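For clarity, every value in this text was computed on a predicted model and none was experimentally measured. A, B, ... follow the sequence lines: proteins, then strands. Residue 1 opens every chain. The basis for the numbers below is simple: all heavy atoms, side chains too, and nothing from hydrogens, waters or symmetry mates.
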Amino acid sequence: MNPFDELVREVRQFLQRVGEMINRDLTSLPVSKAQPRFGYLAVPLHSVMREVTNIDSILEDVAERFEFKYLQRPRLVSGFLNFDVNPREYSKLVIDAALSLRERYGYSDKCPRGKFLIEHTSANPLHPLHIGHARNAVLGDTLARLLRFCGCEVRTHFYLNDCGDQVSYAVLGFDLVRDVAYRRIREGRKPDHVVGLIYAVTCTVAEIKRLNREIKSLEKVNPERANELRGELDSLVAAVNRLREQDPELVDMLVRALGPVDDLDLEAKRITRLYEQGDLEVVKKVREVVNLVVEGFRQTLTRMSIEFDSWDWESEVAVYSGKAVEVVRQLFRRVPNFVETDEGGAIVFRADKYAELLNLWDELGLPRSLPRAVLLRRDGTTLYLTRDVAYALWCFEKFNPDRIIRVIAAEQRHPQAQLRVILHALGYPDLARRVVHYAYEMVVLPGVKMSGRRGEYVTLDEILDETKRRVRDLIRDRFSSQEELDRVSEAVAVGAVRYALVSVGPLRPMTFDWNKVINLRQNSGPFLQYTYVRAKSILEKAGVISVMHYQVPEELAPEEVDLVKLIGEVPEVVAKAASDLRPDYLAEHANRIALTFNSFYEKYPVMRADEPYRGFRLALVEAVKICLSNIMGILGVPTLERM
RNA sequence: GGCCCCGUAGCUCAGCCUGGAUAGAGCGGCGGCCUUCUAAGCCGUAGGUCCCGGGUUCAAAUCCCGGCGGGGCCGCCA
């Protein structure tokens, strides 16, 4: 049920009649929203008017005989045919639709259908989730909720990168301070925060060692360059000192233990290699660390109401299964002319040449220039991309989704494009087209470059805690129960953070701004929550659980008509958001409903109004509540009874 | 150098795909509204060369071409 679409249909019927009179097809003319002062819907007739001079009288003629149901007779103004709704009929249609469909209101046959596998967040299991991962997680989870609302079959997956050198640094460090680390966790520190600190220190110390070696070798040959590097060294040492402040005992111990290890990079690579080979000892150690971080992820994601259907371990799906190596072998077999051995001995797939030859740019949505894709290192180990291809194949084999939506930072455009080209080259052009890279731009901190390796980031936990703290200060007096105060502050904080991250188009680079996240006013999660509570409160005080009967009054207030229109648009907005994968459309629409509802709320009494106003307004309020609740459900902004 | 994204009010952004009338929100500013359904609200007001220059069109923030500015990628990292 899509009330707005009913209006468009009526407009087109009218246009068809007019078209019959002048022997033209007018039904394909665009029907768009009019500027409010001209009506609700508008059709530009400029081109028709140039050729049909007596269009006015024809319109008059047709309008005279046309049976308008939800619309009023249109007016022709400066080349636009403007329609407005018939308030009484249309409110009936809209409100009945909302009240009868309830938690399903918003669904329509314009919604996309199919089976989706959404892979999102997929942060490296080395450190806590930070604000950038939060954008990813909230986008991915919101898309999943949106498509599920549309009736699609949706699975959410977290791809766990447990292979690769980065994990090895964390494992290496963790092994050296295991006892203290566990003590911290027992003391209540989140495990991902503990590992994150260890990882950052280990990486930074490794870099210091690397730099020291370089300086030593340069001292004689190029003293100036050596001096430059000493400057960098200072900043690294400063970074370690900053990290030390978080936990002097642990960091000191770790730095001492790392001291004797000559070449940390070599040691990390050794761990990587053994892990890929399935060395039991190493597997146990890596799993231990990764599981600790995952436990931390889970805690944070649960706060955000984000759940996954599956946690896919890269080592399992791509490496131990032999799939990644198989990818390389198959490429050799199928497209030998495009697989080369690099001077250094690495195996390279010429994705650039392959795409060029088959002219795949539009078909696979590739950027016009593609780098070549390295598949295997000189030592024969796989790279992320290779394993990623294997992972995509695994997903298709296991679940056969119509689409795999992968929420991955925009900076990974090239490897994601290479992945599609490789799938194509492997003989799966269809699968290549079904992989969607849902790109989003980074979140930047004002003035700071976030770096996981240096431990420089604002964690999602901190953001949630700080937002919650501010909310609590604000509403402390309204709650006698500490428990309820805590529950409400938490829900408001989650709503605020989720809304802030999802209300901006994904491709816009975002500057992290505390003022925006903790904005509790308009255009925020809390504003929706507040408005929802107001609506709910009216219905409760009126003793109405659900409106059954109401009469539409003769005259409606402008705010009431505006609300009806916005409610009627909900299915349209849902379908558009789902097909374009733009959850921000929903945030905007919910905000508009809330703004209009609050204007209405100030001006017109509901409970104390006389019939038929009381009944009608109660129905309208309930319809608003349904819309807000449905959209908030998709956005993951919790609804509350009180706040 | 090549490719991708972004450029709209002091600030954060929507609108661009699919061209349409006097370009919209929020924040911040200024001025008002709490014995009446939650003031996290509401009302009013100020604030714009839609980065610049061409082109297409009856019509351009929107489409095309060329610039400029910011960010990103072009790794045997992920």
Considering only side-chain heavy atoms of [X], which listed nucleotide, [options], is closest?
{"X": "Leu383(A)", "options": "rC77(B), rA21(B), rG41(B)", "result": "rC77(B)"}
{"X": "Glu441(A)", "options": "rA40(B), rA78(B), rC5(B)", "result": "rC5(B)"}
{"X": "Arg642(A)", "options": "rA40(B), rU38(B), rC74(B)", "result": "rU38(B)"}
{"X": "Arg608(A)", "options": "rC37(B), rU22(B), rC17(B)", "result": "rC37(B)"}
{"X": "Glu602(A)", "options": "rG41(B), rC4(B), rC6(B)", "result": "rG41(B)"}
{"X": "Asn591(A)", "options": "rA40(B), rC37(B), rA25(B)", "result": "rA25(B)"}
{"X": "Lys576(A)", "options": "rC17(B), rC3(B), rC76(B)", "result": "rC17(B)"}
{"X": "Ser537(A)", "options": "rU22(B), rC42(B), rU38(B)", "result": "rU38(B)"}
{"X": "Tyr384(A)", "options": "rA25(B), rC3(B), rA78(B)", "result": "rA78(B)"}
{"X": "His414(A)", "options": "rU38(B), rA78(B), rG2(B)", "result": "rG2(B)"}

So for [X] and [N], does any side-chain atom that can act as donor or acceptor lie under 3.5 Å from a complementary atom in the base?
{"X": "Arg478(A)", "N": "rA40(B)", "result": "yes"}
{"X": "Lys541(A)", "N": "rU36(B)", "result": "no"}
{"X": "Asn598(A)", "N": "rA40(B)", "result": "no"}

Touch check for [X], heavy atoms < 4.0 angstrom, all strands: base, sugar-phosphate only, or nothing?
{"X": "Asn82(A)", "result": "base"}
{"X": "Tyr499(A)", "result": "nothing"}
{"X": "Leu539(A)", "result": "nothing"}
{"X": "Asp379(A)", "result": "nothing"}
{"X": "Arg592(A)", "result": "nothing"}
{"X": "Val77(A)", "result": "base"}
{"X": "Ser78(A)", "result": "base"}
{"X": "Ala42(A)", "result": "base"}
{"X": "Pro415(A)", "result": "base"}
{"X": "Pro367(A)", "result": "sugar-phosphate"}
{"X": "Arg387(A)", "result": "sugar-phosphate"}

Protein-nucleic acid N or O pairs under 3.5 Å, nucleotides 9-14 of chain B:
from	atom 1	to	atom 2	distance (Å)
rC13(B)	O3'	Arg508(A)	NE	3.1
rA14(B)	OP1	Gly505(A)	N	3.4
rA14(B)	OP1	Arg508(A)	NE	3.4
rA14(B)	OP2	Arg508(A)	NE	2.4
rA14(B)	OP2	Arg508(A)	NH2	2.1
rA14(B)	O2'	Glu588(A)	OE1	2.9

>> Testing Lys209(A), Arg270(A), Arg210(A) one by one against Asp265(A) for a salt bridge (Lys or Arg N to Asp or Glu O under 4.0 Å), which residue passes?
In response: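 When salt bridge (Lys or Arg N to Asp or Glu O under 4.0 Å) is applied between Asp265(A) and each of Lys209(A), Arg270(A), Arg210(A), only Arg210(A) qualifies.
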> Would you call His46(A) stacked on rG20(B), i.e. ring centres under 5.5 Å apart with the planes less than 30° off parallel?
Replying inline: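 Stacking is present between rG20(B) and His46(A), given that their ring centres fall under 5.5 Å apart and the planes under 30°.
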> With centres under 5.5 Å and planes under 30°, do Phe80(A) and rA21(B) count as stacked?
Replying inline: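 So Phe80(A) counts as stacking on the base.
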>> Is Thr531(A) close enough to rA40(B) that one of its side-chain N or O atoms is under 4.0 Å from OP1 or OP2 there?
In response: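 Checking rA40(B) against Thr531(A), no side-chain N or O comes under 4.0 Å of OP1 or OP2.
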> OP1, OP2 of rC77(B) versus side-chain N and O of Arg377(A): anything below 4.0 Å?
Replying inline: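 Answer is yes, contact under 4.0 Å.
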> Taking the six-membered ring where the residue is Trp, are the ring centres of Tyr604(A) and Tyr613(A) under 6.0 Å apart?
Replying inline: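 Centroid separation for Tyr604(A) and Tyr613(A): 6.0 Å or greater.
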salt_bridge([X], [Y]) N-O dist < 4.0 Å:
{"X": "Asp84(A)", "Y": "Lys565(A)", "result": "yes"}
{"X": "Arg617(A)", "Y": "Glu560(A)", "result": "yes"}
{"X": "Asp388(A)", "Y": "Arg406(A)", "result": "yes"}
{"X": "Asp56(A)", "Y": "Arg75(A)", "result": "no"}

Determine the Euclidean distance between corresponding [atom1] atoms of [M] and [N]; express it in Å to zero decimal places.
{"N": "rG54(B)", "M": "rU62(B)", "atom1": "P", "result": "13 Å"}
{"N": "rC5(B)", "M": "rA14(B)", "atom1": "P", "result": "15 Å"}
{"N": "rA59(B)", "M": "rG15(B)", "atom1": "P", "result": "26 Å"}
{"N": "rG26(B)", "M": "rG44(B)", "atom1": "P", "result": "11 Å"}
{"N": "rG71(B)", "M": "rG31(B)", "atom1": "P", "result": "39 Å"}
{"N": "rG19(B)", "M": "rA61(B)", "atom1": "C1'", "result": "10 Å"}
{"N": "rC65(B)", "M": "rC17(B)", "atom1": "P", "result": "14 Å"}
{"N": "rU12(B)", "M": "rG7(B)", "atom1": "C1'", "result": "14 Å"}

> So is Arg534(A) actually on top of Tyr601(A)'s ring, under 6.0 Å and inside 45° of the axis?
Replying inline: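 Geometry flag: set, cation within 6.0 Å and 45°.
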>> I want to check a possible cation-pi pair here: Arg642(A) against Phe479(A), using under 6.0 Å from ring centre and within 45° of the ring axis as the test.
In response: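 So Arg642(A) does make the cation-pi contact.
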> Glycosidic conformation of rC43(B), syn or anti, with 90° from 0 as the boundary?
Replying inline: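 It is anti.
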What are the atom names and distances for every N/O pair under 3.5 Å that joins the protein to nucleotides 61-68 of chain B?
none

Determine whether [X] and [Y] make a side-chain contact, defined as any pair of heavy atoms from C-beta on separated by less than 4.5 Å.
{"X": "His133(A)", "Y": "Tyr457(A)", "result": "no"}
{"X": "Ile538(A)", "Y": "Leu618(A)", "result": "yes"}
{"X": "Glu214(A)", "Y": "Leu211(A)", "result": "yes"}

> Looking only at heavy atoms, which two atoms of Leu586(A) and Ile631(A) are closest? And how far apart?
Replying inline: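 Shortest heavy-atom separation between Leu586(A) and Ile631(A) comes out as O-CG2, 3.7 Å.
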> Rounded to whole angstroms, how far apart are CZ on Arg521(A) and P on rC42(B)?
Replying inline: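 To the nearest whole Å, that distance equals 11 Å.
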> Should we count CZ of Arg521(A) as having more than 12 external heavy atoms under 6.0 Å?
Replying inline: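 No - once you tally the heavy atoms of other residues, nucleotides and ligands closer than 6.0 Å, there are 12 at most.
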